[in-house]
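Naming convention: chains lettered A, B, ... in sequence-line order (proteins, then strands); numbering from 1 in each chain. Predicted model, so just to flag it, every value in this text is computed and none were measured.
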2 protein chains.
Amino acid sequence: MLKYQQIASEIQQDIEKDDLPQGTKLPVLETFMSKYKTSKSTVIKALSLLERKGLVYQVRGSGIFVRRRNRKGYISFSNQGFSDELSEFDITAKVMELDIRKPPEDVAFNLKIHPKEDVYYVRRIRYINGQTLCLEESYYNKSIVTYLNTEIATGSIFDYISNALGVKIGFSDLYFHIQKLNQEEAQQLQLKKGDPKLFVETIFYLNNGVPFDFSKVTYNYQQSQFFFQSTGHSL
Amino acid sequence: MLKYQQIASEIQQDIEKDDLPQGTKLPVLETFMSKYKTSKSTVIKALSLLERKGLVYQVRGSGIFVRRRNRKGYISFSNQGFSDELSEFDITAKVMELDIRKPPEDVAFNLKIHPKEDVYYVRRIRYINGQTLCLEESYYNKSIVTYLNTEIATGSIFDYISNALGVKIGFSDLYFHIQKLNQEEAQQLQLKKGDPKLFVETIFYLNNGVPFDFSKVTYNYQQSQFFFQSTGHSL
DNA sequence: AAGTGGTCTAGACCACAGG
DNA sequence: CTGTGGTCTAGACCACTTG
């Protein structure tokens, strides 16, 4: 782990351990420099990371202050996409379908592959604290995600991909829509036809820019409470 | 403007001017260093900024590549909050109410003021390309936003606040919910009761951490297409 | 092995907030 | 004016990808 990440992580832990309230001033840079025996630039880099994560805000000429989330029960929506801190919630999944097939046209387009190439198709229902959270349909480029089974898909597929397959996940594009549930979706989410839904299409890329997963997720509107922290000025 | 911002801006313009496709490799760092007569660190800082903005992705040991937005008609949702690039759309507003009043309890709480202090209350309907985009109710701390009138509120209130009042806007917290429209909202958005809505509560802070605006916005689900780019690894 | 991006440092200098 | 955060530099060194 890089030094500035390590420092950021320790400062974050200190903030959380002491449960510092919003607006608390952190020590001056000099303090961190000597505490971690490092240069000013590295300390600033660590703190900038925390600022982007929404943990602190920096006021030039004044100091660095703690920024806190004020509401509970929201799914955080940081730059990792969702489920950054799934640990806060109890998330489980039930696999409805899993097979190898040829991708539909839109999927092939988004994954930038030929419609003749194989993809893994997975359909799951995911639960949060025992309630239906979402319906998920995912297509994985089989030449990248070389193997998948029901047991794996019951847990976190991404953990499996990055840990077991050694594939490095990069960035993603998310497209959000608000729509109405159709009959089938309503039934699976235990809601009514015509009820609201959040529908998200996501393309996940490897760190070298190759798309490997295209997924369509329909969220239960009753569980769809999201939280997002903006940092304003382009850091 | 800072040097690294200037460089980032110029590189961005070059990318857009030449309409470089996704995956195009940018020149190596050395090229930028001599072109802008600057140090390696500064070039990296500029490119990291562009990476966070979703314009490029960096692959260690390989190069820096262009990343592009693939779909049109989505409202971008960068770290500035929404309406980063309102220029892409034609956004107008109709002011329904504007007055000075005492804040309801939840508003006072979120603005961290006493319920006896004055706030500006503004209710607007905003339009995008002539269609109803959202209903907006905003409360501004009057001790910070000292003056407001209907003419100002017809345009961009934030432009007015930052330019005319010289107030420096910092960061914001956004809370998203998916809900159903009630009768009154449906009527104003020209939709039906029970139709989906995206409901967003936002607290805006000054750059020194003081909250100055609390707003509740109800979006027309038919216009609610948002786009978000995740950068994955914590930059 | 060569090329390329990225970290880290030490120090000069700048920009802003607040008394 | 002082304190504090932030930029910028030059260069050493490291980590990853590609051939």
**Student:** Would you mind reading off the distance between B:Gln6 atom CD and D:dG6 atom P, rounded to a whole angstrom?
**Tutor:** 21 Å
**Student:** Could you give the CD1-to-C1' distance, from A:Ile7 to C:dT7, as a whole number of Å?
**Tutor:** 12 Å
**Student:** Could you check whether the rings of B:Phe226 and B:Tyr219 sit parallel, tilted or perpendicular, using 30° and 60° as the cut-offs?
**Tutor:** perpendicular
**Student:** Tell me if the centroids of the rings in A:Phe176 and B:Phe176 come within less than 6.0 Å of each other.
**Tutor:** no
**Student:** If you pin B:Asn208 and B:Val28 to their nearest nucleotides in DNA chain C, which one's is more 5'?
**Tutor:** B:Val28
**Student:** How many whole angstroms separate atom CG of A:Leu29 from atom C1' of C:dC8?
**Tutor:** 16 Å
**Student:** Just the rounded figure in Å: distance from C1' of C:dG6 to CD1 of B:Ile64.
**Tutor:** 10 Å
**Student:** Are A:Tyr4 and C:dC8 close enough that a side-chain N or O sits under 4.0 Å from OP1 or OP2?
**Tutor:** no
**Student:** May I ask you to check whether over 12 heavy atoms, not counting those of B:Phe109, lie within 6.0 Å of atom CZ?
**Tutor:** no
**Student:** Look at the aromatic rings of A:Phe204 and A:Phe158 and report parallel, tilted or perpendicular, splitting at 30° and 60°.
**Tutor:** perpendicular
**Student:** Figure out the CZ/P separation between B:Phe65 and C:dT4, and round it to whole Å.
**Tutor:** 11 Å
**Student:** Once you round it to whole Å, what is the distance between P of C:dT4 and OH of B:Tyr57?
**Tutor:** 17 Å
**Student:** Give a yes or no on whether a salt bridge exists between A:Arg101 and A:Asp118, defined as a side-chain N under 4.0 angstrom from a carboxylate O.
**Tutor:** no
**Student:** Using a cut-off of strictly less than 4.0 Å, decide whether B:Lys45 has a side-chain nitrogen or oxygen near OP1 or OP2 of D:dC8.
**Tutor:** no
**Student:** Would you mind reading off the distance between B:Ile44 atom CD1 and D:dA15 atom P, rounded to a whole angstrom?
**Tutor:** 15 Å
**Student:** Any chance the side chains of B:Asp173 and B:Tyr205 put a donor and an acceptor closer than 3.5 Å?
**Tutor:** yes
**Student:** How would you summarise protein contacts on nucleotides 9-17 of chain C per nucleotide, using B for base, S for sugar-phosphate only and - for none, with heavy-atom distances below 4.0 Å?
**Tutor:** BBB----BB
**Student:** Write down the distance between CE (B:Met1) and P (D:dG6), rounded to a whole number of angstrom.
**Tutor:** 18 Å
**Student:** Is the ring centre of B:Tyr175 less than 6.0 Å from the ring centre of A:Tyr74?
**Tutor:** yes
